[in-house]
Amino acid sequence: MIVNASNRTTETFIQTENLTLQYGQKTAFANVNLSVNAGEILALVGPSGCGKTSFLSCLNRLTDMIPNCQVKGAIRIGSVEVLNPKINATALRRQVGMIFQKPNPFPLSIWKNMELPLREHGIRNREEIDRIVETSLLDVGLWDEVKDRLHTSALALSGGQQQRLCIARALGLQPEALLLDEPCSALDPISSGIVEDLITSLRQRYTLIIVTHNLAQAKRIADKVALFWVQGGVGQLVESGKVEQIFNSPQHPLTAAYITGARG
Ligand SMILES: Nc1ncnc2c1ncn2[C@@H]1O[C@H](COP(=O)(O)OP(=O)(O)OP(=O)(O)O)[C@@H](O)[C@H]1O
């Protein structure tokens, strides 16, 4: 294990310092200083194009895969300096999982979706795989729904079930943190509610950062909220704070305008 989230909720687990990301000449966001305590949920909100997805992508170094993408500043997750080139990005991504807006199961059976990442990370013992698959599917409330069809295609599941499978797939790798990029926005309202409840249930055990355009959702599930905004063509962190503070007594006029729907 490369990160350690003991002392949950009282200790900073994810922290960025002066984090800046450029795609070629274009600065997506600049100088973001943000922290999340272990076991908490941070919601990233803000209008389209302000850099929320780009920020998330830095945290498990998905940005390594984007040509001409430069990330400067510092990211600490547990005791790991994420931007240190010596850090193994594959091992980091096992500890810091990512869930995307559109569920992305492999076009394989439910079982294979769960098994493949485990094998890729060196887990080959059949009994251990069986145990992890069952526990992870139980954790996301999917086990009873799929236990009799584990060897049928994951693509036959509903959108909400597919998203829960993707979360189970990430949980199987025993991550410390999960990054969720609008995980409910492609789902119907009922599935969205189920996935939202699931995310809430993961608080404490995991540190979570969720990008959402749904302010009511941020208010329901987040411990902390961060508002990004494009200023001078560059994404900036306008304000971050505890969810009650952001919604009840925002410090910045843009935050006040955003949460009342007057801007954004
Ligand atoms: N691969 C890329 N190459 C060049 N520019 C990019 C790339 N990805 C994002 N951008 C630009 O970076 C800025 C921030 O984009 P990003 O997707 O991070 O914003 P966002 O807040 O997540 O938006 P949305 O809410 O619409 O998903 C935008 O101006 C976008 O056009």
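Just so you know, these numbers come straight off a predicted model, no measurement behind them. When a ligand or atom number is given, it counts from 1 through the structure's own listing order.
When the options Pro67, Gly24, Ser48, Gly49 are ranked by their closest heavy atom to atom 14 (C) of ligand 1, first place goes to Gly49. The closest heavy-atom contact to atom 29 (O) of ligand 1, among the options Lys26, Gln22, Met65, Glu182, comes from Lys26.
The nearest heavy-atom contact from the protein to atom 16 (P) of ligand 1 is Ser54 OG, 3.6 Å. Of the protein's non-hydrogen atoms, the one nearest atom 21 (O) of ligand 1 is Lys52 NZ, 2.8 Å. Considering only non-hydrogen protein atoms, atom 19 (O) of ligand 1 sits nearest to Gly51 N, 3.2 Å. The single protein non-hydrogen atom nearest to atom 17 (O) of ligand 1 is Thr53 CB, 3.9 Å, given as residue, atom name and distance. Counting protein heavy atoms only, atom 5 (N) of ligand 1 is closest to Tyr23 CD1, 3.3 Å.
Interface of His213 with ligand 1, defined as ligand atoms under 4.0 Å from a residue heavy atom, comprises 25 (O).
The closest donor-acceptor contact from the side chain of Glu40 to the backbone of Ile209 lies at 3.5 Å or more, if one exists at all. Without hydrogens or angle criteria, Glu81 side chain to Arg76 main chain gives no donor-acceptor distance under 3.5 Å.
Protein heavy atoms are absent from the 4.0 Å sphere centred on atom 31 (O) of ligand 1.
Residues Gln217 and Glu182 bring no donor and acceptor atom of their side chains to less than 3.5 Å of each other. Under the 3.5 Å distance criterion, with hydrogens and angles disregarded, a donor-acceptor pair is assigned to the side chains of Ser191 and Asp188. Defined by atom type and a distance below 3.5 Å, a donor-acceptor pair is missing between the side-chain atoms of Arg93 and Asn60.
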Step by step, would you call Phe29 with Val230 a side-chain contact (heavy atoms from CB on, under 4.5 Å)? CA-CA 8 Å; Phe29 63 81; Val230 181; over 6 Å; no

Carefully, step by step, assess Leu187 and Val195 under the rule side-chain contact (heavy atoms from CB on, under 4.5 Å). CA-CA 9 Å; Leu187 307 178; Val195 171; 3.6 Å; yes

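Using a 4.0 Å cut-off between charged nitrogen and carboxylate oxygen, Asp223 and Lys242 do not count as a salt-bridge pair.
Looking at ligand 1, you won't find any N or O of Ala28 less than 3.5 Å from one of its N or O atoms.
The shortest heavy-atom distance from Gly46 to ligand 1 is not under 4.0 Å.
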